Amino acid sequence: MENAETSAVFPLQDHDLATTLGSGQAFRWRAVGEGWEGVVAGRWVRLTVRDATVEARTALPCTEWSWLTGYLRLEEDLSAVIATFPDDAPMRAAVAACPGLRLLRQEPWECLASFILSSTKQIVQIQQCVALLSHRFGDPVAGGGPETWHAFPSFVRLASATEAELRACKLGFRAKYLLGTAGMLAAGEIDLDALHALSTDDARAALMRFPGVGRKIADCVLLFAYGRQDAFPVDVWVLKALRFLYFPKREPKPDRLRRFTETHFGPNAGYAQQYLFHYVRTKVPELRSRTKKR
DNA sequence: TTCCAGGAATCAA
DNA sequence: TTGATTCATGGA
């Protein structure tokens with residue numbers, strides 16, 4: 001069969017792909033040579049940055065690219081987003097430390113499933129679990145080389161798996177959560193597409209009906225898949241960031257902290273959160289070192 | 001060896 | 001309501 005690769009080039013401004021794709025919001029990207037390879041919307045794609053452009057190469061013919069430009073949010077004016085961040089020292093430091101960090105717009109099911117796997121796991125382990133799940137249960141897709149790639153498995157497919165099969169993908173206690181969630185979706189109990197029409201609060205409540213989904217994971221899905229930029233996930237890193245950068249003197253009570261995250265960071269609070277997350281996780285030695293939780 | 005990881009469910013007080 | 005415990009697994 002003839003090589004049917006297709007490529008397209010898009011302008012890229014204020015967008016650091018390596019930072020974005022490695023910032024713990026998506027888990028299927030691999031650095032390969034100069035570029036990044038992954039599967040988006042069931043298509044294998046290789047992204048290569050050249051100057052102020054990104055070249056996208058697919059293995060199969062492609063004439064319409066909204067599946068990729070929407071995923072990468074190439075239309076978003078990052079400077080306009082950052083302009084809404086609070087003008088304080090921690091936020092300025094986080095923005096300065098992570099130039100070109102962006103949010104993606106992922107598919108809700110893959111994002112939900114990935115973050116159900118994420119609880120009490122390191123990012124590299126989440127990546128490994130997602131790779132194992134995809135390899136074991138996902139449909140094969142044509143890639144750019146001899147290696148076989150796989151789409152992220154559908155909830156229908158996972159709903160028909162056994163807990164033992166999921167545990168074989170190193171999910172541990174999260175296996176029954178993923179199985180339960182896939183089962184609810186396969187049974188039509190909740191329609192992920194319908195959440196787009198709901199308020200953020202109602203969409204969050206719907207997501208939290210799934211087993212293994214609490215406030216934090218629901219907020220990740222709202223932010224990374226549904227474009228709800230007011231959603232502010234608080235994980236162990238963001239908690240450390242808030243304590244260390246904003247409340248160094250005394251420990252804020254949880255409800256005080258929640259009110260702070262909902263009011264201080266503006267309409268794009270979730271975007272600001274991603275900057276704080278990546279900043280403390282990669283650039284603040286006092287917090288990167290293994291220090292006791294206070 | 002011990003601690004911890006983009007947490008949530010469960011149970012005790 | 002809040003606080004402690006449990007749940008797998010592997011990296012540091």
Side-chain angles (χ1 to χ4, degrees), chain A residues 19-29 94 98 101-104 106 110-133 136 162-182 184 204-226 228-229 231-245 251-258 261 269-294:
Chain A
T19 299
T20 296
L21 300 180
S23 68
Q25 50 180 318
F27 304 99
R28 292 216 65 191
W29 293 98
C98 313
L101 173 60
R102 298 260 182 168
L103 289 181
L104 301 168
Q106 301 179 56
E110 178 172 340
C111 186
L112 171 63
S114 297
F115 278 95
I116 286 174
L117 309 185
S118 76
S119 80
T120 329
K121 270 188 177 298
Q122 299 183 133
I123 290 173
V124 289
Q125 294 177 290
I126 303 166
Q127 292 169 334
Q128 183 185 30
C129 288
V130 170
L132 286 169
L133 270 180
R136 174 69 181 79
T162 66
E163 183 178 331
E165 287 177 319
L166 298 186
R167 282 180 178 261
C169 297
K170 304 186 177 181
L171 302 199
F173 62 85
R174 308 155 194 85
K176 59 179 176 296
Y177 296 153
L178 184 60
L179 192 56
T181 296
M184 287 173 65
R204 179 186 296 114
L207 288 169
M208 289 176 67
R209 288 174 52 197
F210 292 113
V213 180
R215 173 70 187 243
K216 187 268 172 181
I217 290 176
D219 280 341
C220 283
V221 178
L222 290 171
L223 182 62
F224 300 142
Y226 287 95
R228 305 302 173 96
Q229 297 189 187
F232 195 104
V234 177
D235 75 318
V236 292
W237 285 103
V238 173
L239 184 58
K240 281 195 282 190
L242 293 171
R243 285 170 165 172
F244 182 76
L245 299 173
E251 180 76 5
K253 292 179 179 175
D255 60 332
R256 172 77 186 93
L257 205 57
R258 174 57 62 190
T261 62
Y271 227 114
Q273 171 276 156
Q274 192 65 10
Y275 274 85
L276 291 173
F277 173 76
H278 198 257
Y279 172 53
V280 298
R281 203 170 70 84
T282 61
K283 305 288 173 59
V284 183
E286 302 93 305
L287 295 178
R288 294 183 62 195
S289 62
R290 302 164 62 101
T291 53
K292 275 286 189 185
K293 292 183 186 177
R294 286 180 296 166

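Computed from a predicted model, the values in this text were never measured in an experiment.
The side chain of A/Ser119 has B/dG7 as its nearest neighbour among C/dT9, B/dG7, B/dG6. Proximity note for A/Pro233 (side chain, C-beta onward) versus B/dG6, C/dT9, C/dA8: the nearest is B/dG6.
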Quiz item: Would you write out the dot-bracket form of DNA chain B, 5' to 3', with Watson-Crick and G-U pairs under 3.5 Å, [ ] for crossing pairs, | for pairs to other strands and . for unpaired bases?
Solution: .||||.|||||||
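A donor-acceptor pair under 3.5 Å is formed between the side chain of A/Thr261 and the backbone N or O of A/Arg258. In terms of modelled atom types and a separation under 3.5 Å, the side chain of A/Tyr177 and the main chain of A/Ile116 share no donor-acceptor contact.
At B/dA8, none of the side-chain N or O atoms of A/Lys216 fall inside 4.0 Å of OP1 or OP2 (strictly under the cut-off). Contact annotation: A/Arg167 reaches the phosphate of C/dA8 (side-chain N/O to OP1 or OP2, under 4.0 Å). For A/Lys240, a side-chain nitrogen or oxygen approaches OP1 or OP2 of B/dA5 to under 4.0 Å.
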Practice problem: Show your reasoning for whether side-chain contact (heavy atoms from CB on, under 4.5 Å) applies to A/Leu132 and A/Lys170. | Solution: CA-CA 8 Å; A/Leu132 286 169; A/Lys170 304 186 177 181; 4.0 Å; yes
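Place A/Thr120 and A/Val124 on DNA chain C by their nearest nucleotides, and A/Thr120 ends up nearer the 5' end. Projected onto DNA chain B by closest heavy-atom contact, A/Phe210 and A/Asp235 fall at different nucleotides, the more 5' of which corresponds to A/Asp235.
Remark: the separation of the P atoms in C/dA4 and B/dC4 is 15 Å, to the nearest Å.
Between A/Phe27 and A/Phe115, the ring center distance clears the sub-6.0 Å criterion.
Stacking of A/Tyr177 onto the six-membered ring of B/dA8 is not present when judged by under 5.5 angstrom between centres and under 30° between planes.
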